[in-house]
J.: 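Have a look at the structure that comes next, please.
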Amino acid sequence: MDKLIIIDGNSIANRAFYALPLLSNSSGLHTNAVYGFTTMLLKLIEEEKPTHFLVAFDAGKITFRHKEYGDYKGGRAKTPPELSEQFPLIKELLKAFNIQQFELSGYEADDIIGTLTKAADAKGERVLLVSGDKDMLQLASDNVTVAITRKGISEVELYDPPAIMEKYGLTPQQIIDLKGLMGDTSDNIPGIPGVGEKTALKMLHEFGTVEAVLANADSLKGKMKEKVEEHAKSALMSKDLATIFREVPMETEWSTFRYDGFDGTALSSMFRKLEFKSLLEKMDFGSAPLTEEEQAAIESLEAVTVNAGNVQQLIDRLDNHAAIHVEAIGDNPHHAEMVGVVWFMDEDGTNTSYYVPMAVLASDAGQPLRAWLSDASKKKQLFDVHRALLALAWQDIPLAGVDFDVLLAAYLLDPTDSNLTLSGLSAKYGLPGVKADEEVFGKGAKFRLPEEAALSEHLGRKAMAMARMVPVLRVELEKSEMHRLFYELELPLASVLAEMELRGISVDAEGLKALGVELAVQLDTIMASIYKLAGVEFNINSPKQLGDILFEKLGLPAYKKTKTGYSTDAEVLERLAPYNEVVGQILNYRQLAKLQSTYVEGLLKEVRSETGKVHTYYRQTIAATGRLSSQFPNLQNIPIRLEEGRKIRKVFVPSEPGWYILAADYSQIELRVLAHISQDEKLKEAFLQNMDIHTKTAMDVFGVEASAVDSNMRRQAKAVNFGIVYGISDYGLSQNLDITRREAAQFIEQYFAVFQGVRKYMDDIVKDARANGYVTTLLQRRRYLPEITASNFNIRSFAERTAMNTPIQGTAADIIKLAMVQMAERLKQEGLRSRMLLQVHDELVFEVPEEELETMKRLVPEVMAAALELDVPLRADVDYGQTWYDAK
DNA sequence: ATCGTCACG
DNA sequence: ACGTACGTGACGATC
């Protein structure tokens, strides 16, 4: 039996747009609505197996309804541009799907659909109508089932006449009467004011139609009677407006909508264009050939695999210059599995790549190649030098002479790009033909290296793409004035980081284990006590089970909810603590369990048994602000705020007997940066006089002398200063200080009244961001903020706070990176044995031999303070001790 | 894979 | 009216 699926195109596109985050592909095209639309089409095709298919769209600006009723749809917000730009893509997508689309000027999609379902009814054909709009229920019949999306677009609810009867007690026809009575604000259909769904349903259950309700208005009571009588005309007009027009003059010939399946080539090409990687994989187009156009755009390449027999061919071609790619498998470069190295020489235009498997590179035959890699006079361009340095170092192959990094350059050009891969960047810069690693290797459990020829081809394509991108990226860096940031800071930093990470930091594993035993004992005791107080054993680590116990069994008040249930975070538990003793125990348990799982067990897993060291991996191309991040293990979030956790720092020790751990941290670097870029006189003055900034802020905001600032005032001032750096909002500050929004707003107003330069900076930076589309740091690091013009208040506000925060946080990141490069330089220059080990955003950690202590105590803060000259002084405080804990 | 929670600056 | 403080990573639970 035939089955026609009709999609209400505008409605589904809207639903998809608001249900999904604002995705965009590498060329900046928004694709979330297209993506949602696509997944819906795929699901319908698979599950419903339609024989006929069409999508109806609204067309033309003025429909006959506007002529009858000027205000029709007057209340509806304009379609945001982020959505309108996706309609052409959806239409292109439908072509690739081979699905008919219908639009008729002067009519809405509803009318087209109404006319078609009427025709289907007449012929007795089955129809599934998909929409996000409940109005469509009026079209349901024995033949027509209506599917209404719910919760985004992934799920639909099916309505046939019995289902509508069950849910509303109405026939499909009466859905029109329902809307006539209650109206619809989104379409600006008035209905009867004061009548909502409940009242409207009651009336219809009693009288049946709008007309009958009006005729029987007398039998209604009091106010309702008045309202119905007064708005009788409006009700009738509303019913009329809500009635879908089913007589559109159009072709309703069934065979026009025949659906014979999609064209794999066109669809896979479309998915590639949209960069729907997950769909491409899931669909397994596999051998779906590229379109001629795509094929023509791909350069030819001869991918040579090097072995002992032909290695001389590569050695003969080695020159002073090449793009190379180091392929190593695994997230952690400290124990990545080396696949091999690929060379691509650009000069002679032969388009030949040379893939050298690791075994060949490590063999005697590979010796000249290893020598070339280690020769600083041989200039090479890479993708992710930092990772390559580490992976090669663990194979005892030094790498030198790197003069460009495609990854690092692309990161600087857009630090928020979420697809910084050779495949993604190739697509972004118009070089098709580089497959995604996932596509070639598979992922997760399915990961395996392909056969040699395919591997050689894939790696060769990566190297060639790099070679092509290098000159383009060099120009782009120049154009956006980030070439100095790149060549003088980020590229040298990559080597400094690699050196620190390879050195590693020693961990007292025995001490850590002892701490673990202590924690285990305490956790056991607390657990038993919690079970006793709760009267039942449960998994305390499960927020779901914990929520059930606290809010159902013990009946405590629930302050806030999460998407999936009750919130049980520390903020909630602290409020609940007075009600029941168990809550405090749970907080205590959480704190210790975190220490045990993350900092004892987690850290122990990362300690290398041969050396007793951990080797973190700083990621240089992740954070949108230019900060580093740290992984495997994360050494940037070792506890310090609470004493119990702070003890973890005792296990970080020097790697040589008699040495010390020395740590230096910037004092108030972000507020000093703010003073400099805002040129606020008061703020500058505070730092020029080296005052306690939070006390100073309290004095100015509360208008009192230093002696009158109590600890509570200082605490509040401190929160305001944090808020300022984060891009302040009254709501955020009120949450933080647990005060009302009005009070928070007053604080902020008082702050700005004093620090007028800061206010001006905040205003100007948002204006700048809107005008340029991006903000920059002092060293010209850039962050694009496309959402600064969003129509959605929340999205736009977020972008505005980001515009305020990024130059501050980013400039602080610039400064400490400068200090690191300069510090590495000085250690070398002055022949010091001290070593830089860690960076924690505003802090540098070293291990220092005793005889260098005095030198380092002086040198480190000096270099840090002088890293960049601002209009206020920078200051770094230093301390040292036997462990990181003691260097406080 | 995603969520809730919590560690840091 | 709208409802989030900025930037990260790791863990256990759950689907």
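Numbers restart at 1 for each chain; the letters A, B, ... are given by sequence-line order, proteins then strands.
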J.: State yes or no: are the ring centers of A:Tyr617 and A:His386 separated by less than 6.0 Å?
T.: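 Aromatic pair counts; centres sit under 6.0 Å.
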J.: For residues 729-748 of chain A, which residues have at least one heavy atom under 4.0 Å from DNA chain B?
T.: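 DNA chain B contact set from residues 729-748 of chain A: none.
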J.: Using the P atom on both, measure C:dG3 against B:dA7 and round to a whole Å.
T.: 28 Å
J.: Does any residue of residues 762-769 of chain A have a heavy atom under 4.0 Å from DNA chain B, and if so, which ones, in number order?
T.: none
J.: Got a sec, which residues hit salt bridge (Lys or Arg N to Asp or Glu O under 4.0 Å) with A:Arg781, two or more places apart in sequence or on another chain?
T.: A:Glu490, A:Asp814
J.: Heavy atoms within less than 4.0 Å of DNA chain B: which residues of residues 635-646 of chain A have one? Give them sorted by number.
T.: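 Residues of residues 635-646 of chain A that come under 4.0 Å of DNA chain B are, in numerical order, A:Gln636, A:Asn637, A:Ile638, A:Pro639, A:Ile640, A:Arg641.
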J.: Kindly write out the residues that satisfy side chain to side chain contact (heavy atoms under 4.5 Å, CB included) with A:Arg801, not counting sequence neighbours, or none if the list is empty.
T.: A:Ser797, A:Phe798
J.: If you check the A:Lys594 side chain, which of B:dA7, C:dG12, C:dC2 turns out closest?
T.: B:dA7
J.: If you look at every strand shown and take non-hydrogen atoms under 4.0 Å, does A:Gln545 touch a base, only sugar-phosphate, or nothing?
T.: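 Sugar-phosphate only.
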J.: Which dot-bracket notation, 5' to 3', represents the base pairing of DNA chain C when pairs are defined as Watson-Crick or G-U with both distances under 3.5 Å, crossing pairs as [ ], and inter-strand pairs as |?
T.: .....|||||||||.
J.: Distance check: side-chain N/O of A:Ser567 vs OP1/OP2 of B:dT5, anything under 4.0 Å?
T.: yes
J.: Using the P atom on both, measure C:dC2 against B:dC6 and round to a whole Å.
T.: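 Looking at atom P only, C:dC2 and B:dC6 are 27 Å apart.
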